[in-house]
Protein chains: 2
Amino acid sequence: MKNVYKESVALHRKNKGKIELKSKVKIKNKNDLSLAYTPGVAEVSRVIAKDKKKAKTLSLKANTIAVVSDGSAVLGLGNIGPEGAIPVMEGKCALFKEFAGVDAFPICLDTQDVEEIIKAVKQIAPVFGGINLEDISAPRCFEIEKRLKSELDIPVMHDDQHGTATVVLAALINALKITKLKKEEVKIVLNGSGAAGVAISKLLLKYGFKNLIILDSQGVIYKGREKMNKTKEELAKISNPYKEKGLLEDVIKGANIFIGVSKANMLKKKMVKSMENPIIFALSNPIPEIMPNEAKLAGAKIVASGRSDFANQINNVLVFPGVFQGALKNKVKNITDEMLIKAAKNLAGVVKSPTKNKILPNPFDKEVVKAVARAIK
Amino acid sequence: MKNVYKESVALHRKNKGKIELKSKVKIKNKNDLSLAYTPGVAEVSRVIAKDKKKAKTLSLKANTIAVVSDGSAVLGLGNIGPEGAIPVMEGKCALFKEFAGVDAFPICLDTQDVEEIIKAVKQIAPVFGGINLEDISAPRCFEIEKRLKSELDIPVMHDDQHGTATVVLAALINALKITKLKKEEVKIVLNGSGAAGVAISKLLLKYGFKNLIILDSQGVIYKGREKMNKTKEELAKISNPYKEKGLLEDVIKGANIFIGVSKANMLKKKMVKSMENPIIFALSNPIPEIMPNEAKLAGAKIVASGRSDFANQINNVLVFPGVFQGALKNKVKNITDEMLIKAAKNLAGVVKSPTKNKILPNPFDKEVVKAVARAIK
């Protein structure tokens with residue numbers, strides 16, 4: 001890791017960050033100036049002032065989104081504040097452009113108050129065609145996303161939730177193909193109930209998985225348990241149909257699928273051994289719930305992680321560029337679960353013959369963005 | 001005008017606006033991804049989280065400013081709201097890049113409340129190295145600029161005020177050279193006390209002009225007059241040393257310089273005839289206080305306007321790109337009047353031999369940005 005850290009800092013210093021603005025029109029003489037700026041631009045302003053919708057065809061709003069964070073849950077670094085978040089958000093903007101041709105600008109907000117974040121995003125919304133929320137801690141992220149989705153007329157998506165959920169579902173679809181298991185029959189244990197855990201749970205249940213058990217730091221989530229916030233009470237209602245209780249080591253017995261969005265080294269070898277035909281998605285970063293080679297030694301059939309140095313990387317970059325490319329192109333106002341399920345199916349389909357070491361396509365495969373984008377309509 | 005309007009709308013439609021984002025680093029394989037994004041970027045975030053100032057060398061903050069408007073006073077169009085303002089702000093961003101290599105992003109705020117604007121700009125400030133306020137109506141703009149200048153640690157400038165004031169001063173410096181008049185001796189009448197009028201007044205007085213009379217829609221501003229807000233009371237204290245009263249037609253008599261930042265056709269031929277060796281800056285747009293040819297017929301020695309189709313265009317594009325290029329390059333936290341006076345002198349100096357039809361340089365002259373930028377330090 002040391003080298004990649006050092007090289008990355010050097011790259012950022014040399015380039016003074018990673019993104020720049022560029023004029024799409026030439027401005028080389030007075031005539032150019034009179035069209036791109038005054039007096040010509042006055043007419044464009046008049047046209048939009050008369051009909052706000054025209055901003056979507058006559059201005060950067062057509063193809064530009066904001067990547068918004070408050071720096072409260074950045075990567076595995078935690079609450080490092082808006083300045084610390086800049087390199088991550090700026091990197092995401094670079095990926096949006098490189099992978100999908102979507103113009104994205106980083107907004108790192110100097111407030112962590114839910115109402116103030118909502119207000120600030122609404123106030124800056126006029127120039128943007130979409131809002132990608134990023135690295136905002138749970139449970140604050142749920143309220144922020146819900147409110148912005150209902151109060152703005154442009155698409156809003158919290159990528160840590162729905163980007164992750166979509167790529168996990170795509171990976172599961174292919175893992176089931178390989179193992180010939182059925183979504184109605186498998187038992188899934190999901191460890192972690194932060195932003196990603198909640199969104200994965202909801203999307204998997206909507207897709208048709210039946211037996212899903214979710215755990216937080218207190219253990220299994222079930223109806224009537226103590227110490228649950230609103231979000232968890234909602235999860236308790238829709239998951240855990242056999243009302244299992246206890247800790248991870250209890251409910252993992254006989255399960256087919258483990259999904260970890262929790263912490264390093266939470267899944268022990270003996271737990272894997274207690275599973276049936278185990279499929280392990282250990283997504284904690286940078287250190288997974290179990291190292292892939294250990295999981296395999298313990299009998300795992302298919303292993304995925306969040307890391308690029310092992311097979312089967314569960315990487316949001318497979319999803320977010322295509323989601324917003326599709327949303328902008330197809331003038332989608334609301335990105336729905338149905339669209340994301342379709343996106344997951346399409347993404348899984350990009351791998352023509354999935355194998356245990358290739359359940360997801362390479363993010364540099366040009367088909368990826370197309371497959372995802374055509375689901376968002 | 002009709003053609004330029006039609007062509008401008010067509011240009012905006014074809015290009016979907018005028019600016020785009022671009023990645024400064026290549027992202028073509030897994031290694032690139034690990035440096036521009038995870039895991040490498042985590043270290044850059046850690047470095048900045050530990051010392052916020054490093055955002056200015058390791059992120060887009062190094063070279064990126066916001067062009068912020070609330071759409072309350074857009075060009076000559078008035079209060080057309082944030083969406084209508086987008087093409088103007090986006091155009092300004094294109095000019096920042098094309099003329100000075102400064103990355104600029106348009107922020108059109110969906111609020112016109114002074115406190116909310118201040119709060120929103122402070123909240124989005126982390127990614128920006130400077131704030132260019134634009135087309136915000138007076139007197140709101142004064143409070144917004146003052147507060148942001150004192151509460152942010154990045155340079156803030158309201159271009160309608162200080163960009164305009166700087167280019168007017170540069171033009172006056174050359175006009176005096178040609179007419180051999182002295183700043184201590186001339187009588188200036190300034191019609192209009194909006195954002196531009198106030199800033200021009202203050203900068204001219206600071207530069208050393210003594211006899212300056214300012215008018216608003218009620219007539220001459222003088223100490224003790226009724227119907228004056230705080231800003232005008234302040235102006236009354238520092239201007240009009242001979243306590244003149246009355247209307248434009250009264251005080252224009254014997255004046256040497258007229259500066260109009262008011263409305264179409266306010267300056268009549270007979271008023272020009274009542275001046276001495278008249279220098280006329282008729283800056284109302286698109287229709288000036290007097291048409292340049294009429295002013296000349298009435299005896300004006302030098303005429304300038306805001307229009308590109310006449311000689312001597314008073315155009316902010318001569319100033320704002322260089323101001324922010326200099327501020328970013330020289331890590332200036334506060335753009336002062338002294339810097340702007342130096343910028344005006346430098347700008348005037350770009351015209352080696354000023355003539356009555358060339359008191360300002362061509363904005364496409366590469367020396368312009370350099371001359372202005374080296375004053376901002």
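In what follows, chains are A, B, ... by sequence order, proteins preceding strands, each numbered from 1.
Residue A:K30 touches chain B through both its backbone and its side chain, counting heavy-atom pairs closer than 4.5 Å. Only the backbone of A:A104 has a heavy atom closer than 4.5 Å to any heavy atom of chain B. Only the side chain of A:L77 has a heavy atom closer than 4.5 Å to any heavy atom of chain B. Proximity to chain A involves both the backbone and the side chain of B:N15, based on heavy atoms less than 4.5 angstrom apart. Heavy-atom distances place both the backbone and the side chain of A:E20 under 4.5 Å from chain B. If you measure heavy-atom distances from A:L58 to chain B, the contacts under 4.5 Å come from both the backbone and the side chain. For A:F99, the part sitting under 4.5 Å from any heavy atom of chain B is the side chain, from C-beta outward, and nothing else. Only the side chain of A:L33 comes within contact range of chain B, with heavy atoms under 4.5 Å apart.
Within the 6.0 Å centre-distance limit, the rings of A:F128 and B:F105 are counted as a close aromatic pair.
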Steps toward side chain to side chain contact (heavy atoms under 4.5 Å, CB included) verdict (A:E43, B:S8)
CA-CA 8 Å; A:E43 180 66 9; B:S8 183; 5.7 Å; no
What's the verdict on side chain to side chain contact (heavy atoms under 4.5 Å, CB included) for B:D32 and A:E98, showing C-alpha distance, side-chain angles and the deciding distance?
CA-CA 12 Å; B:D32 296 344; A:E98 292 293 290; over 6 Å; no
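Ranked by non-hydrogen atom pairs under 4.5 Å with chain B, the options A:G306, A:A55, A:P106 are led by A:P106. Ranked by non-hydrogen atom pairs under 4.5 Å with chain A, the options B:V88, B:T64, B:V74 are led by B:V88. Between chain A and the residues B:A62, B:G91, B:P87, the most heavy-atom pairs under 4.5 angstrom are made by B:P87. By number of non-hydrogen pairs under 4.5 angstrom with chain A, the leading residue of B:A49, B:S45, B:S34 is B:S45. Across A:I48, A:L21, A:V47, A:D110, the residue that shares the most heavy-atom pairs under 4.5 angstrom with chain B is A:L21. Contact count against chain A (heavy-atom pairs under 4.5 Å) is highest for B:K92 among B:K92, B:Q313, B:K50. Of the listed residues (B:N362, B:I124, B:N285), the one with the most heavy-atom contacts under 4.5 Å to chain A is B:I124. Among B:E7, B:K26, B:K28, the residue making the largest number of heavy-atom pairs under 4.5 Å with chain A is B:K28. In terms of non-hydrogen atom pairs under 4.5 Å with chain B, the most contact-rich of A:A120, A:A10, A:A36 is A:A36.
B:K16 approaches A:K24 most closely through the heavy-atom pair O-NZ, 2.8 Å. Taking all atoms of both residues into account, the shortest heavy-atom contact from A:P39 to B:V4 is CG-CG1, 4.2 Å. Taking every heavy atom of both residues into account, A:V41 and B:H12 meet most closely at CG2-NE2, 4.1 Å. Contact record, B:A94 with A:I27: CB-CD1, 3.9 Å, taken as the closest heavy-atom pair. Of all the heavy atoms in A:Y5 and B:A42, the pair that sits closest is CE2-CB, 4.4 Å.
When side chains are defined from C-beta on, A:T38 counts as touching B:L75, because their heavy atoms get closer than 4.5 Å.
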